[in-house]
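Per chain, numbering begins at 1; letters A, B, ... match sequence-line order. Please read these numbers as outputs of a predicted model, since none were measured by experiment. Heavy atoms only: backbone and side chains are in, while hydrogens, waters and symmetry mates are out.
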Amino acid sequence: MPELPEVETTRRGIAPLVEGKTIVSVVTRVVGLRWPFPPHLGAILAGRTIYTVERRAKYLLLRCDGGTLILHLGMTGHLRVVSPRVPPGCHDHVDLVFADGSCLRFNDSRRFGALLWTSDDPALHPLLAGLGPEPFDEAMSGERLYRLSRGRKNAVKPYIMDQRILVGVGNIYASEALFRAGIDPARAAGRVGLVRYRRLTAAIREVLDAAIAAGGTTIRDFSDSEGRPGYFAIQLQVYGRTGEPCLHCGEAIRQRRLGQRSTYFCRFCQH
DNA sequence: CAACGGACCTGCCTGC
DNA sequence: TGCAGGCAGGTCCGTT
């Protein structure tokens, strides 16, 4: 999936194409993704207008009259706006069909994505209620990372990927930010000092900001809402570069597993 | 609580 | 060529 920059790129891509549109019907081709779709989804959504497309963490919020559609792209989700007459391809699981003859099509091969409906404030939804601050929010700071990490023994990399601490940092950008901040990803979160957490905060922002500006990184199969791939849009300095030279010192980039996720680092530049 | 492993899925790549 | 095994951008849930 999409980490935060890819979700934000998707949001910017679809917002002008779906805001103000009225849903006339919903086509589902599977019973659900990560969870079953809400029962009577078509009846719930028909006639509603999408006012805005917002993002909270890696969730997209399609705010409608009377409620909000909550989408998560999981690992492999894509959204595109097409004509409903375009034949659906493999893993095109859901179409929201609009009154003007276009539709928002949700493709997700691994089906780790989600589509939920709430008539309440989405911020209060159980999946969103416990999320930490956005990386660019002033509530996210080196002080926060330092304070919440005291006494914690798990590695700093899974710590910054914990969406309760801050949102938006996934597996790629965690390795990238820790490299830029010079912090060993395996170091216990509770043994990283305030100065280094300030540096890490800046590195997280730099990496995410560069990726958003480039229209989403990434590798492999990410594409934006018009199907344009984001490949090589930004230069990854460590992720996926096992055995290749560190861009700072030339030593071979190493790979290890932390919290069941591949982690890339330079053992000379990171401590 | 915090931390960890398993689970959910499909596709792609590697190596035998 | 075929097949088993491992790995992939996420995150919830149950168990220690």
Could you state the atom-to-atom distance from [atom1] of [X] to [atom2] of [N] in whole Å?
| X | N | atom1 | atom2 | result |
| --- | --- | --- | --- | --- |
| A:Gln260 | C:dG14 | CD | C1' | 14 Å |
| A:Asp162 | C:dG10 | CG | C1' | 13 Å |
| A:Arg34 | C:dC13 | CZ | P | 7 Å |
| A:Arg257 | C:dC7 | CZ | C1' | 7 Å |
| A:Leu4 | C:dG10 | CG | C1' | 13 Å |
| A:His78 | C:dG9 | NE2 | P | 15 Å |
| A:Asn171 | C:dC7 | CG | P | 13 Å |
| A:Arg110 | C:dG9 | CZ | P | 9 Å |

Distance between the [atom1] atoms of [N] and [M], in whole angstroms?
| N | M | atom1 | value |
| --- | --- | --- | --- |
| C:dT11 | B:dC12 | C1' | 23 Å |
| C:dG14 | B:dC9 | P | 16 Å |
| B:dA3 | C:dG9 | C1' | 23 Å |

ask   = If we only count heavy atoms from C-beta on, is the A:Asn107 to A:Arg80 side-chain gap below 4.5 Å?
value = no
Contact check, side chains of A:Ile23 and A:Leu104, non-hydrogen atoms, under 4.5 Å = no
inquiry  = If you compare every side-chain N and O of A:His72 against the phosphate oxygens of C:dT11 (OP1, OP2), does one of them come in below 4.0 Å?
reply    = yes
remark   = Sequence neighbours excluded, the answer for side chain to side chain contact (heavy atoms under 4.5 Å, CB included) partners of A:Glu244 is A:Arg241
ask   = What residues form a side chain to side chain contact (heavy atoms under 4.5 Å, CB included) with A:Phe268, not counting sequence neighbours?
value = A:Cys249, A:Glu251, A:Cys266
request  = Decide whether A:Thr22 and A:Thr49 meet the rule of one side-chain donor and one side-chain acceptor closer than 3.5 Å.
outcome  = yes
For A:Arg56, salt bridge (charged side-chain N to carboxylate O under 4.0 Å, His left out) partners two or more places apart = A:Glu134
remark   = ring pair (Phe, Tyr, Trp, His ring centres under 6.0 Å) filter on A:Tyr146, not counting sequence neighbours, yields none
ask   = Can you tell me if A:Arg48 uses its side chain to pair, donor with acceptor, with the backbone of A:Val24 under 3.5 Å?
value = no
ask   = Can you check whether A:Glu54's main-chain N or O pairs, donor with acceptor, with A:Arg63's side chain at less than 3.5 Å?
value = no
ask   = Nucleotide range of DNA chain B contacted by chain A, 5' to 3', under 4.0 Å to a heavy atom?
value = B:dA3 to B:dG11
Could you check whether [X] gets within reach of a base, just the sugar-phosphate, or nothing at all, counting any heavy atom under 4.0 Å?
| X | value |
| --- | --- |
| A:Arg164 | nothing |
| A:Leu33 | nothing |
| A:Arg111 | sugar-phosphate |
| A:Tyr59 | sugar-phosphate |
| A:Gln163 | sugar-phosphate |

key: Per-nucleotide pairing state of DNA chain B [Watson-Crick or G-U, under 3.5 Å; [ ] pseudoknot-crossing; | other strand]   = .|||||||.|||||||
request  = Would you please indicate if the ring centroids of A:His93 and A:Phe106 are separated by under 6.0 Å?
outcome  = no
